[in-house]
Amino acid sequence: MEESVRPSSTVNGTPQHIDLQSIPLPPQRGAGNAAAVDTTSARPPYAAWESRYRAWVIGSDVFTAFVLIMMSAFLIDRSDPHDMHALGTAAAFLFGLSVCRAWSPRVLGEGAEEYRTLGRGLVATAVLVALGGLLFGALAVQPWVFIVVPMISVFMFLQRYALRQVLHRRRRLGECLLPVLAAGSPDTVADLIARTKADPHVGWRVEAVCTYSGAGAERGSGEVEGVPVVGKLDELAGHVRRGGYRVVAVTADQHWNPKRLQRLAWDLEGTSAEMVVAPMLMEVAGPRLNVSGVLGMPLLRVSAPMFTGGRRLVKEVLDRFGSALLLTLVSPLLLAIAVAIKLDDRGPVIYRQRRVGRDGHTFTMLKFRTMVTNADKLKQDLQAENEGAGPLFKMRKDPRVTRVGAMLRRYSLDELPQLLNVVSGRMSLVGPRPPLPEETAKYAPDARRRLLVKPGLTGLWQVSGRSDLSWAESIRLDLRYVEDWSLALDLVILWKTFRAVVQGRGAY
C-alpha cells in the first residue's frame, strides 16, 4: 500500500525544495549489461542518498514538531516555550517515534508500513503526554493530547508524503535504487524482475541473478530478462560480499531447502545485504503473516482474513460518517451535475443498476447517467467492439456516452451518488469493484472471494489503472485487498484515488 516516498515540499516552514540531486549517488549499474555486475569491490553498507534522505526525514519531522509545540505553548499556556507541557510533549515525541522505529531505514519509503510506524509513534506520543500529565500533576494536558499531537500528526504525514514524491520521482529516473541479487528458479526470478521494472517506486533494481545451474531461462543462456546470471545458488554469498548488494531476494525454487537457506542467512551476516524470502503465498502479506517459534522451529503463521471484529466496526463507522460528510461537502457539485445532465438531453439524472454486494446479495447502485437513455438496448449491437477484460463490457469511444457523460466519466464524478449506497450500508468507501449479476455468474471459485466484503466506491483497481487493467490483474488486486485489508491500506487507497481521479488515468 502509490504509495511511497520522495522530497520537495514545505509544511509549516519546512524547506520546500529538497535537493536530492545533491546526494552523491553511487554508480548506477544497468540491468542487462553483464559488465555492470562488478563483483570485485564491495559497496558501502548504505549509499549516500539513503543517509541523506533519512536525515531529511528526521530533520523535517523534528523541525515541524518543535515549531508547532512552541507555538502551542504560547497559544495554550500563554507562557514561554519552556513550560512543562511543551517540554514534556517534545520529549514524548522524540521517545515515541524512536521506540516505534518511525525513523528506521527499513521502513522509510516502504508503502503503508512507513505510515503505520509513524502512526504508532504518534499514538505513543499522545499516550505518553497523557500519562505524564497524570504522573506529574499537570492535569491541563487535554489540549496537548487532543489538539497539538493530532495537529503535528497531520503536518507530519503530509511532509512524509511530500518527501516520498521526490524519492519516487528520482527512482522513476533510475536513481536512488537498491541493488538486488535475486536467487531462485529462472521463472520466479523473471517474475520478480518484471515486477520491479513495473513499479520502480519500490526502489529495487535486480542487477544480478543466481540460479541452481548457473544458467538463465533458456538452455545455455547467461541472462534472465536481460539481467546477467553471475553464478549458482551455492556461490550466492560470495557474490554478495564482493558486489555489495543491499537486498538478496530469494524466490521459489525446488532446490531451496531449510539447510541451504539457513546456511545462506549465516553467510550473509556482517554484510550490507538484507535477505528477503518470498513465501509461497505470494498475495498474502501485511498483518496476516507472523513468524513464531514452535518446538524449536521457525514457522510462518498465516492468520485468517478478518471480515468481522473491532477493526471492521471502525471501518463501518468511518464509512458511514465519512460518506455523509462528503455528501454534505459536495452537495453543490451534485446539484450542478444534475442540472447539466438534465439540460443535455432532458433524460433522467440518476441511473440505477443492480449490482452484487457482500455475500452475493444484490442491491441497487446509484450513478449519474452518462449514456443515452436506451444504452442497455444498444449494448447488444456493440458486442463485437467490446474492449473490456473478461466478462466486462468496455469501449474507449463508446458511442452511447453523452457529452456531459464523457466529462463525468473522465473524472469519475458519475460515481458520486454511490455515497448514498455507502451511507445505507450496502457499499464501503474502499473495497472490490461492485460486479454485475451476469459477471458473478461467470466467476471462478477464487474470484468469488471478492464477495466476502462489501464492494467499494474505490479500491486497488481504481488506483492501479482502472479500465486499463486486464481481467486477471483486476481480480488479483481485488483478492489482495480482501486478503490483506487494513485501515492503513484504506487510507492510502483513498489518497491515491484522489490523485488518480484528478489525473483522469484509465477512465473511459
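Scope of the values below: all heavy atoms of this structure, side chains included, with no hydrogens, waters or symmetry mates.
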Quick one: do D319 and S428 satisfy side chain to side chain donor-acceptor pair (under 3.5 Å)? Show the steps, please.
-> CA-CA 6 Å; D319 279 340; S428 175; 2.6 Å; yes
Look up atom CG in L75 and atom CE in M70, then write down how far apart they are to the nearest 0.5 Å.
-> 12.0 Å
Is there a side chain to side chain contact (heavy atoms under 4.5 Å, CB included) between R409 and V401 once you walk through the steps?
-> CA-CA 9 Å; R409 283 173 167 243; V401 177; 4.0 Å; yes
May I ask you to decide if the ring planes of F157 and Y115 are parallel, tilted or perpendicular, using 30° and 60° as cut-offs?
-> tilted
Side chains of R312 and V453: does their closest heavy-atom pair fall under 4.5 Å?
-> yes
Sole candidate of R426, R352, R354, Q353 that passes side chain to side chain donor-acceptor pair (under 3.5 Å) when paired with T364 = R354
When rounded to the nearest 0.5 angstrom, what is the spacing between CZ in R170 and CH2 in W49?
-> 9.5 Å
Side-chain donor-acceptor pair under 3.5 Å between R101 and T117, yes or no?
-> no
Side chains of V314 and L487: closer than 4.5 Å at any heavy-atom pair?
-> yes
Taking S412 for the side chain and L408 for the main chain, is one N or O donor matched with an acceptor at less than 3.5 Å?
-> no
Are the side chain of T440 and the backbone N or O of P437 linked by a donor-acceptor pair below 3.5 Å?
-> yes
For I341, the option from L343, V339, D344, I337 that meets side chain to side chain contact (heavy atoms under 4.5 Å, CB included) | I337
Check whether any side-chain heavy atom of R358 lies under 4.5 Å from a side-chain heavy atom of L452, and answer yes or no.
-> no
Of R449, R448, R450, which is the lone residue that meets side chain to side chain donor-acceptor pair (under 3.5 Å) with Y443?
-> R450
